[in-house]
Amino acid sequence: MCGIVGYIGNKKAQPILTSGLRRLEYRGYDSAGIVTLGDKQATLLRAKGKVAELVAFADGNATDDTIGIGHTRWATHGVPAENNAHPHQAGDIYLVHNGIIENYKELKATLTNHTFKSETDSEVLAALIDSFYTADATLESAVIQALQLVEGTYGIAVISTREPDQVIVARMGSPLIIGVGEGDLVIASDASALIGHTTNAIYLNDGEMAICTREGVTLEDLEAQPLTAKVEQIEADMSAIQKQGYDHFLLKEIMEQPTTLRSTLNGRVVPSEYRAQLGGLNMTNDELRDVDHVVIIGCGTAYYAGLLASYYLEQLVDGLTIDVEIASELRYRSFNLPKNSVALVVSQSGETADTLACLREIKRRGVRTLGVINAVGSTIAREVDGGVYVHAGPEISVASTKAFTSQVAAMTIFGLQLAQTKGTGAKELSEYINELAELPDEIEQVLGDVREEVKAVAEKYAHYEHGLFLGRDTLFPVALEGALKLKEISYIQAEGYAGGELKHGPLALIDDRFFEVMLLQDNWLFDKSISNLAEVNARGGHVLAITNSNKDIDAEEVIRIKTKLDLLAPLVLNVVQQLFAYYVAVARGNDVDQPRNLAKSVTVE
Ligand code: F6R
């Protein structure tokens, strides 16, 4: 949430900053700003709205400055407006900030010499640093003194017209990376902004600060004690962050699932050897055998992926108990974890604040944590005891799609590995292994078969303001995910429900303002689901059925998919609803990649 960039070197800073902000725009798009330093003079440019507005402004105010910082904002304190846009100025200093300063009101009350121009907590931090930036102080000492008074989270970059040859960055809870180029440094809140500049990067940890100059990086803690900077290689694939001919990143990310899923499965699922195994768990077979309980933690789509995977894990591993928890809830509960638990920490970005807080609490209790993470080098990935990267590649669209499919697949492999190590359920294991191996081809086939049909149906349903997604068993978490996808990009109010729960309340909703998506799988629950469908029809519903069945289905619209999968068919049905949500949002004229009020990578609570 919020994107930070910075540059110091010998090239013109403005275009580097604005192109970095374009890459980071998915982290927030309420306003954007940059400031560069020339000879004792700063050029501050800020604009409400998307980075394109800022770029238009910057085109008419170009400078040759070779140092600067920039920010794209997701509003926390104060409405989206130019005065609330970063960078914030206080005296000689300029600051960009990602995170929340929790004690900003108390601090603000003490800063009586500063005239506040914004409603933000970030300007308070700028003013606080400035209050310590007396004539004999350095920017470094002022930043350290200020940060010692701050409660909350931050990733910051600070520059000063008085010391125009350095960018100071610090981190507590909000990610920051320093890309080390040839004679220059690029600072960013995520690695996508470094692609094309360098593949060498220093990841800051919480409580670390770096002084970035043209000579290099000096790393220290918040008491100015020196630390050793470790330069790591980042994966850099320019094509992965481009639309590649698609109208939107979201469509590209839906359509590339066969490929991304193959990367998830690669080397991990080998049907010919009857093997499914994850490297990187850092657990011995004895330790795996001892696992009696799994707790899965995530937010939003990652939580729903955990919910679906829990159905698979409990089928796969005899006697295993599983809880799936919403991270933002769990972190404040006085929860208990049974002995011999393992926590699966699921996150696409690897930066979600609530998920990270749970991870730290669970680790503090001495329970082993395993990451199911997409973003390589992210904070959660670095802090877990072991785990896997799902290798779905960068997700640029704010709505998560390909990560869901890969997360479920990775957790299913974990279940298989656990079952194989414990020696349970031989028949079902081979079915799962075969279905996992076939899943990419099945998804590819279905995406090709139904795309045009889904588009036409979506256009028909796009005028509704309310939707109900219904499914049973493994299709229940899929219904929850379908509703989330639709609501976040189409702004249609959508609910996911277990089909069997209809008569316990939701049936009261059905009228002509509602449509219903009924997920139907041709299995032992088919007839029961058909009864649920009949209950909706009897009340004048407008049902779209999405199914793998050839049987008669009495619904307004039926989208049928052909798949030979059974256990994993819900994942195939899910890609159909992803397409449906996409085309509904397009038909409504929405900005599908950057839906209103949202941002990717939720690094604040
Ligand atoms: C929904 C969506 C969000 C994320 C959630 C968790 O499409 O994108 O619900 O799934 O914010 O994010 P990660 O997986 O990055 O922890």
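Start at 1 and go down the list; that is how both ligands and their atoms are numbered.
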Among all protein heavy atoms, pick the one closest to [atom] and tell me residue, atom and distance.
atom                    : result
atom 15 (O) of ligand 1 : Ser349 OG, 2.6 Å
atom 11 (O) of ligand 1 : Val602 CG2, 3.9 Å
atom 16 (O) of ligand 1 : Thr352 OG1, 2.4 Å

* To do: Report yes if the distance between the aromatic ring centroids of Tyr432 and Tyr312 is under 6.0 Å, otherwise no.
  => yes

* **His542 and Phe514 aromatic centres sub-6.0 Å** => no

Proximal ligand 1 atoms for [X], defined as those under 4.0 Å from one of its heavy atoms:
X      : result
Gln348 : 13 (P), 14 (O), 15 (O), 16 (O)
Ala302 : 10 (O), 14 (O)
Lys485 : 1 (C), 7 (O)
Glu488 : 1 (C), 7 (O)

* Do Thr301 and Lys485 get their side chains close enough for a donor-acceptor pair, meaning under 3.5 Å? -> yes

* Flag for His293-Asp323: side-chain donor and acceptor within less than 3.5 Å -> yes

* Report yes if some N/O of Val398 lies less than 3.5 Å from some N/O of ligand 1; otherwise report no. => yes

* Asked: Between Lys600 and ligand 1, is there a nitrogen or oxygen pair with a distance under 3.5 Å?
  -> no

* Please confirm whether Cys299 comes under 4.0 Å of ligand 1, counting heavy atoms of the residue only. => yes

* **Residue portion contacting ligand 1 (non-hydrogen atoms closer than 4.0 Å) for Glu351** => neither

* Structure fact -> Any heavy atom of Thr401 under 4.0 Å from ligand 1? The part involved is neither

* To do: Working to the nearest 0.5 Å, report the span between OG of Ser189 and CD1 of Ile4.
  => 5.5 Å

* Over 12 foreign heavy atoms within 6.0 Å of NZ, Lys460 -> yes

* Asked: Looking only at non-hydrogen atoms, which of Thr355, Leu598, Thr301 approaches atom 2 (C) of ligand 1 most closely?
  -> Thr301

* **Ring geometry between Phe515 and Tyr461 (parallel below 30°, tilted from 30 to 60°, perpendicular above 60°)** => tilted

* To do: Identify, with sequence neighbours excluded, every residue that meets side chain to side chain donor-acceptor pair (under 3.5 Å) alongside Ser378.
  => none

Name the atoms and distances for all side-chain donor-acceptor pairs under 3.5 Å in residues 466-476, with sequence neighbours left out.
| unit_1 | atom_1 | unit_2 | atom_2 | d |
| --- | --- | --- | --- | --- |
| His466 | ND1 | Gln493 | OE1 | 2.6 |
| Arg472 | NH1 | Asn532 | OD1 | 3.0 |

